[in-house]
Amino acid sequence: MVRNTPTGYGFVAIGFHWIMAALLVGLIVMGKYMHGLPLADPDKFPLYQLHKSLGLTVLALVFARLLWRFANPAPVLPPLMPLWQKLAAHGTHIALYGLMLLIPLSGWWMVSASPLGIPTLFFSLFTVPHLPVPTFLGDAPALEGLLKEAHELLGNLLIVVVIAHVAAALKHHFFDRDDTLARMVTVSPARRSRDKA
């Protein structure tokens with residue numbers, strides 16, 4: 001019930017999926033909200049610190065999830081699924097993993113390049129060191145602006161990919177009537193009965 005099988009996901013993979021989904025949605029909403037706050041708003045700094053802490057948590061979870069994925073290959077896609085849909089599914093997953101890595105890294109690098117030198121306090125427990133910023137990429141203010149635009153662009157791209165991912169899952173569940181969505185919600189009945197035997 002912990003590991004994946006060829007026909008279903010285990011509890012660890014399911015947990016990773018939904019925890020990260022909740023974190024990503026929260027980060028997107030928080031990012032859009034705090035970006036619109038005026039600089040003088042007293043909630044802006046604490047929200048930015050929380051946003052950075054959650055973003056670094058996502059970054060750590062992505063690496064943990066990738067390690068688990070390599071040790072526990074994903075279940076095979078439904079055999080009757082058309083080839084173009086299988087390719088789209090693989091492409092979407094690659095895009096999701098790539099964005100889950102690039103977005104927090106771009107944010108971390110943006111903070112590191114900022115001439116303000118504001119520290120990142122990980123849930124107020126410790127200070128996260130800045131990433132090295134190569135000088136050949138330009139001066140700090142220009143690089144910070146470039147990384148800020150990249151961070152926002154990648155976040156908007158993530159919204160599009162997530163919407164496509166959710167739409168595809170709902171299509172499989174309600175129109176194709178296969179178990180693509182169901183097996184990410186619970187361990188498959190066949191596997192539960194096998195584990196009990």
Side-chain angles (χ1 to χ4, degrees), residues 1-33 35 51 54-110 146-192 194:
M1 295 177 70
V2 174
R3 300 173 67 90
N4 299 340
T5 69
T7 58
Y9 289 99
F11 285 134
V12 174
I14 292 172
F16 270 132
H17 179 274
W18 292 109
I19 289 170
M20 294 192 71
L23 284 171
L24 290 172
V25 170
L27 281 165
I28 290 170
V29 172
M30 186 186 303
K32 295 295 183 184
Y33 173 73
H35 183 69
H51 186 81
L54 292 174
L56 289 170
T57 301
V58 165
L59 183 61
L61 286 175
V62 172
F63 285 110
R65 187 175 179 184
L66 282 170
L67 287 173
W68 185 256
R69 178 78 180 258
F70 287 134
N72 298 270
V76 296
L77 294 171
L80 298 180
M81 182 184 292
L83 177 60
W84 72 268
Q85 289 187 18
K86 291 181 179 180
L87 293 174
H90 290 306
T92 300
H93 280 99
I94 291 171
L96 283 170
Y97 277 106
L99 289 168
M100 287 188 293
L101 286 169
L102 290 174
I103 293 173
L105 282 173
S106 66
W108 190 2
W109 204 7
M110 174 182 66
L146 180 64
L147 289 166
K148 184 176 181 180
E149 290 181 11
H151 189 68
E152 186 175 357
L153 177 64
L154 291 169
N156 290 333
L157 182 57
L158 178 64
I159 294 172
V160 173
V161 175
V162 167
I163 290 173
H165 181 64
V166 171
L170 294 175
K171 171 190 174 294
H172 282 286
H173 187 73
F174 291 107
F175 294 97
D176 300 336
R177 303 286 185 177
D178 60 34
D179 66 347
T180 301
L181 176 61
R183 65 187 184 178
M184 188 45 82
V185 175
T186 184
V187 176
S188 64
R191 187 175 181 200
R192 281 201 299 266
R194 188 201 69 184

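- Between F63 and L101 there is a side-chain heavy-atom pair separated by less than 4.5 Å.
- The two atoms that bring N4 and G10 nearest to each other are OD1-N, 2.9 Å, heavy atoms only.
- Applying the salt bridge (charged side-chain N to carboxylate O under 4.0 Å, His left out) criterion to D176, with sequence neighbours excluded, gives K171.
- Atom NE2 of H17 has more than 12 heavy atoms from other residues, nucleotides or ligands within 6.0 Å.
- For L181 against A169, the heavy-atom pair with the smallest separation is CB-O, 3.9 Å.
- Of all the heavy atoms in G55 and P104, the pair that sits closest is O-CB, 3.4 Å.
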Query raised in the report: So E149 and M110, side chain to side chain contact (heavy atoms under 4.5 Å, CB included) or not? Walk me through it.
Result: CA-CA 10 Å; E149 290 181 11; M110 174 182 66; over 6 Å; no

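- Counting only heavy atoms from C-beta outward, the side chains of R183 and I14 never approach each other to under 4.5 Å.
- Interatomic distance, L147 CG to L153 CG, rounded to the nearest 0.5 Å: 12.5 Å.
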Query raised in the report: Taking it one step at a time, do L27 and I103 satisfy side chain to side chain contact (heavy atoms under 4.5 Å, CB included)?
Result: CA-CA 11 Å; L27 281 165; I103 293 173; over 6 Å; no

Report task. Could you please spell out the steps behind the side chain to side chain contact (heavy atoms under 4.5 Å, CB included) verdict for D178 and H172? Result -> CA-CA 6 Å; D178 60 34; H172 282 286; 2.9 Å; yes

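- Scanning all heavy atoms of the two residues, the minimum distance from M184 to A13 falls at SD-O, 4.3 Å.
- Each of V166, N156, L96 was evaluated against V161; a single residue qualifies, L96, per the side chain to side chain contact (heavy atoms under 4.5 Å, CB included) test.
- Using a 4.5 Å cut-off on side-chain heavy atoms (C-beta onward), P75 and T5 make no contact.
- Between I28 atom CD1 and I159 atom CD1 the span is 4.5 Å, to the nearest 0.5 Å.
- W68 places no side-chain N or O within donor-acceptor distance of the main-chain N or O of F16, the cut-off being under 3.5 Å.
- Atom OH of Y97 sits in a crowded spot, with more than 12 heavy atoms from other residues, nucleotides or ligands closer than 6.0 Å.
- Using a 4.5 Å cut-off on side-chain heavy atoms (C-beta onward), L77 and Q85 make no contact.
- Within the model, atoms CG of L23 and CH2 of W18 stand 13.5 Å from one another, a figure rounded to the nearest 0.5 Å.
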Query - Working for side chain to side chain contact (heavy atoms under 4.5 Å, CB included), residues L158 and L24 - result: CA-CA 9 Å; L158 178 64; L24 290 172; 4.0 Å; yes

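- Annotation: the span from L67 atom CG to N72 atom CG amounts to 11.0 Å, rounded to 0.5 Å.
- Partners of S106 according to the side-chain hydrogen bond (donor to acceptor under 3.5 Å, both in side chains) rule, which considers only residues two or more places apart in sequence or in another chain, are H151.
- For the atom pair CE (M20) and CE (M100), the distance works out to 4.5 Å, reported to the nearest 0.5 Å.
- Rounded to the nearest 0.5 Å, atoms OG1 (T92) and CG (L87) are 10.5 Å apart.
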